4 protein chains.
Amino acid sequence: MGIKERRERERETRRNQIMAAAKRVFSSKGFNRSTMEDIANDAELSPGTLYLYFKNKEELYASLSVEALQTLTKRLEEVNEKNDLNPEEKLMALTESLYASYEANPLTFINMFHLQSSITLKNLSPELMSTIKKLSGSTLGACAKVFEEGVNEGFFIDNHPVAFADIFWGLFSGIVLWEESKRIIDYDKDYLKETLEIAFRIFGRGIRKGQNS
Amino acid sequence: MGIKERRERERETRRNQIMAAAKRVFSSKGFNRSTMEDIANDAELSPGTLYLYFKNKEELYASLSVEALQTLTKRLEEVNEKNDLNPEEKLMALTESLYASYEANPLTFINMFHLQSSITLKNLSPELMSTIKKLSGSTLGACAKVFEEGVNEGFFIDNHPVAFADIFWGLFSGIVLWEESKRIIDYDKDYLKETLEIAFRIFGRGIRKGQNS
Amino acid sequence: MGIKERRERERETRRNQIMAAAKRVFSSKGFNRSTMEDIANDAELSPGTLYLYFKNKEELYASLSVEALQTLTKRLEEVNEKNDLNPEEKLMALTESLYASYEANPLTFINMFHLQSSITLKNLSPELMSTIKKLSGSTLGACAKVFEEGVNEGFFIDNHPVAFADIFWGLFSGIVLWEESKRIIDYDKDYLKETLEIAFRIFGRGIRKGQNS
Amino acid sequence: MGIKERRERERETRRNQIMAAAKRVFSSKGFNRSTMEDIANDAELSPGTLYLYFKNKEELYASLSVEALQTLTKRLEEVNEKNDLNPEEKLMALTESLYASYEANPLTFINMFHLQSSITLKNLSPELMSTIKKLSGSTLGACAKVFEEGVNEGFFIDNHPVAFADIFWGLFSGIVLWEESKRIIDYDKDYLKETLEIAFRIFGRGIRKGQNS
DNA sequence: GATGAATGAGTATTCATTCAT
DNA sequence: TATGAATGAATACTCATTCAT
């Protein structure tokens with residue numbers, strides 16, 4: 001059993017080693033221009049070894065997004081557990097968590113958005129697909145919970161509370177992608193953080209109760 | 001002269017014929033899985049002919065987004081020219097224009113979002129790049145004008161009017177991509193229109209003046 | 001008949017126009033990298049027109065060598081007709097003719113050598129092949145005549161007079177090709193003329209009679 | 001270490017296997033009409049494997065000439081090391097070495113001449129280019145040494161000993177190419193060996209001292 | 001488990017040639 | 001004659017994946 005555990009731990013280490021390399025390579029070249037050999041070289045392993053840990057290139061790629069989603073979900077759930085915050089404060093914390101996750105790993109984060117809306121998604125193994133589905137649900141659920149609470153406690157308007165989480169998430173990802181594209185086009189400006197702050201302030205204002213709408 | 005003009009018209013027709021085929025093929029298979037031969041077959045032309053009208057696969061792909069951007073820009077500018085609408089009504093009209101463009105060609109529209117935030121952008125010819133840059137600017141400019149007007153006329157809050165257009169655009173694209181990904185994951189639900197309506201109502205509420213913020 | 005003649009003359013003009021363009025293009029890019037469109041552009045004609053005057057790309061290419069061979073043959077025969085020169089003087093004149101032809105059109109001249117020893121030769125039309133064969137024969141014949149005369153008149157040794165022409169021609173083309181390759185490798189030196197002079201002096205010395213061999 | 005050595009040896013074997021196939025295919029079809037698939041089939045390997053050993057088609061082609069040059073250089077240097085021969089005997093040995101190399105591999109030898117005077121040369125990798133340059137220098141150097149020695153020891157005339165090697169080499173390659181072209185044109189005759197013998201006898205006579213020039 | 005040599009299917013692109021006008 | 005748009009066959013090269021060691 002001790003041996004089995006050690007094996008398991010070693011296996012996990014190797015997996016992480018590969019994912020770290022994949023993250024670097026995919027981030028710098030994008031999915032198509034990255035080759036399995038590039039990743040193997042970066043990980044100081046042979047190409048064949050990658051296939052002992054990941055079924056194929058797509059699953060390796062998707063696993064990075066899964067990892068990012070996991071971290072994010074965990075952070076969002078932690079926000080929910082902070083019972084000393086009122087809904088409005090939780091909304092701020094949610095926003096900060098999203099941004100922190102983005103900052104920790106901008107490119108993987110962006111890829112995650114792409115993954116979610118692409119044909120790639122259709123080619124994953126059922127298991128991975130299911131994992132993504134579940135994580136995606138958790139992430140959204142964590143957000144939704146904040147909004148439901150806010151509606152119930154009379155902080156937020158109650159027109160359509162179920163859609164708030166979608167809008168919150170869409171607002172964030174849309175602005176990140178859009179600002180990134182402007183950065184590519186203009187090469188220099190970077191208003192992302194500022195824009196996000198304004199966006200979420202407007203969003204908060206839009207859903208806060210006690211305003212004449 | 002008459003001949004020259006006819007040639008030009010024929011050339012334009014052929015170009016459109018190719019783009020229509022490309023739109024169908026790219027939409028159903030995505031960029032990577034679509035081959036130039038697929039597109040040629042769909043257009044009932046030979047592969048070689050495609051290269052008489054488009055420098056390479058990437059430029060053909062990008063030209064679809066350019067077309068979508070052009071249509072969109074035109075629509076948004078038309079909204080601005082409607083002098084009988086007040087800023088709040090213009091905001092509604094803007095929203096409707098975006099949605100109409102999306103509905104007319106969902107997949108090209110989504111690809112346009114992807115194009116804007118991807119490595120692809122870096123490999124286009126300078127001319128096409130410049131076109132995209134200009135169109136992108138026009139689109140944003142048309143939105144910005146509505147918001148500036150709204151602030152000047154006292155309809156909208158004036159915290160950061162310049163960012164409103166970015167947020168407006170990001171909000172739309174983010175929700176579209178996100179809802180699309182949920183549709184892929186869940187296969188059946190389609191709340192997009194509803195979610196967008198709520199989103200823009202919240203956004204309008206958030207930037208409308210005369211509310212205690 | 002006057003019309004027919006004019007037609008013929010026009011046809012000849014157009015042919016020359018194409019060959020001049022082909023000479024320029026092939027010289028700068030080599031056979032493979034030159035396209036029929038390149039040549040058509042240079043000639044300010046359309047690609048289709050080229051095929052009204054030349055069966056295909058290879059024949060167009062070969063026709064340049066034919067032209068060079070024709071000029072050369074003519075010059076060599078003129079040498080033979082100079083009855084006031086003795087064999088040794090004729091040999092000098094022969095050498096000068098070869099060099100003059102080379103200088104007038106170095107690259108076509110070099111291509112001619114390549115043509116003569118390549119697989120290309122096998123793909124020509126029988127007519128063109130026959131023309132080349134005949135011209136090649138004339139060229140060599142003109143040289144051979146000088147050597148025969150020289151042997152008969154007791155100027156040159158008579159070991160194997162028939163081979164002298166071959167050696168003479170091979171000596172020239174070999175040195176030209178070799179010096180050209182050295183120029184490509186070293187980029188700067190150009191000893192061609194000097195080397196050729198020495199070579200032919202040695203050759204003359206080698207075949208002159210009255211030396212203890 | 002034993003493993004590493006074996007790997008290296010296997011690698012070398014495979015490289016030779018490919019080069020042998022390439023030699024056969026290029027010899028029968030020429031560079032342009034030979035495809036990488038042809039060569040792969042001949043070598044009983046897959047096309048992809050060829051690229052593990054050669055960067056591209058041109059480098060594979062050039063490597064054949066390099067091999068021929070290497071063999072030749074080695075032979076010529078061996079001639080120089082034969083201290084029991086006088087310069088005139090060395091000249092004969094040089095001639096025989098050239099011819100032996102040609103006979104061992106006529107078509108590769110001819111290609112080598114073509115390579116040296118063509119546009120191809122410009123598209124090789126710097127390393128290969130440098131190798132060719134160096135080998136080319138060695139070959140010529142080996143010849144030059146014989147002539148210098150001959151001049152110093154009073155066997156050969158001393159007009160321009162430095163050019164003798166160039167002429168010697170040019171004489172050989174020119175005659176080979178020229179006789180080959182005549183063989184293509186006439187299909188049957190083969191006077192090459194005979195012509196070469198006469199040529200070198202004349203050359204030897206031309207540079208031998210003690211003759212009234 | 002780990003390797004890395006070998007595979008071979010897959011495809012963008014070119015360009016000589018044709019032919020309707 | 002001249003055009004030039006259209007053709008479509010031909011091919012070098014890549015790279016995800018496998019498997020013998």
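Quick caveat: nothing in here was measured; it's all calculated off a predicted structure.
Residue D:F54 is out of contact with every strand shown, counting any heavy-atom pair closer than 4.0 Å. B:L45 comes within 4.0 angstrom of the backbone, heavy atoms only, and of no base. Note on A:R7: nothing from the nucleic acid sits closer than 4.0 angstrom, heavy atoms only.
A donor-acceptor pair is defined here as one N or O able to donate and one able to accept, closer than 3.5 Å; such a pair exists between the side chain of B:S27 and the backbone of B:K23. When atom types are taken as modelled, the side chain of C:D42 and the backbone of C:I39 share no donor-acceptor pair closer than 3.5 angstrom.
Regarding A:E10, its CD atom lies at a distance of 11 Å from the P atom of E:dG1, rounded to whole Å. Per the geometry, CD belonging to D:E12 stands 16 Å off C1' belonging to E:dA5, to the nearest Å. Taking atom CG of residue D:N56 and atom P of nucleotide F:dA12, one finds them 11 Å apart after rounding to whole Å. In this entry the distance linking CD of B:E8 with C1' of F:dG4 reads 15 Å, nearest Å. As a whole-Å value, the separation of C:K57 NZ from E:dT18 P is 15 Å. Atom-to-atom, OH of A:Y61 to P of F:dA16 comes out at 14 Å; the value is rounded to the nearest Å. Between C:R15 atom CZ and F:dT1 atom C1' the separation is 17 Å, expressed in whole Å. Rounded to whole Å, the distance from CD on C:E59 to C1' on E:dT17 is 14 Å.
Considering every non-hydrogen atom in both D:L128 and D:A62, the closest pair reads CD2-CB, 3.6 Å. The shortest non-hydrogen separation linking C:S63 to C:R15 is CB-NH2, 4.3 Å.
Remark: B:E10 CD is packed, more than 12 non-hydrogen atoms of other residues, nucleotides or ligands lying under 6.0 Å away. By the neighbour-count criterion of 12 heavy atoms within 6.0 Å, atom CD of D:Q70 is densely surrounded, having more than that number from other residues, nucleotides or ligands.
In this structure, C:S46 reaches the F:dT3 phosphate: one of its side-chain N or O atoms is under 4.0 Å from OP1 or OP2. Under 4.0 angstrom from either OP1 or OP2 of E:dT14 there lies no side-chain N or O belonging to C:R33. Within the 4.0 Å cut-off from OP1 or OP2 of F:dA2, at least one side-chain nitrogen or oxygen of C:R14 is found. Remark: D:Y53 is not in phosphate contact with E:dA5, judged by side-chain N or O atoms under 4.0 Å from OP1 or OP2.
Ring geometry for B:Y61 versus B:F26: interplanar angle over 60°, hence perpendicular rather than tilted (30 to 60°).
Qualifying side chain to side chain contact (heavy atoms under 4.5 Å, CB included) partners for C:A43, counting only residues two or more places apart in sequence or in other chains: C:A21, C:L45. By the side-chain hydrogen bond (donor to acceptor under 3.5 Å, both in side chains) test, B:N105 pairs with B:T108, sequence neighbours left out. Checked against side-chain hydrogen bond (donor to acceptor under 3.5 Å, both in side chains), D:R11 has no partners two or more places apart in sequence or in another chain.
Toward the 5' end of DNA chain F, the nearer of the two residues C:E44 and D:Y51, judged by each one's closest nucleotide, is C:E44.
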- Task: Begin from the C-alpha positions of A:T13 and A:N16 and carry the test side chain to side chain contact (heavy atoms under 4.5 Å, CB included) through to its verdict.
- Result: CA-CA 5 Å; A:T13 309; A:N16 289 334; 5.8 Å; no
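Remark: B:K57 fails to qualify as a cation-pi partner of B:Y51 under the 6.0 Å distance and 45° angle criteria applied to the six-membered ring.
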Where do N or O atoms of nucleotides 19-21 of chain F meet protein N or O atoms at under 3.5 Å, pair by pair?
none

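For residues 34-43 of chain B, proximity to DNA chain E is found at B:S34, B:T35, B:M36, defined as any non-hydrogen atom under 4.0 angstrom from a strand atom.
Consecutive pairing runs in DNA chain E reach the stem threshold at E:2-21 with F:2-21, where a stem means at least three Watson-Crick or G-U wobble pairs with distances under 3.5 Å.
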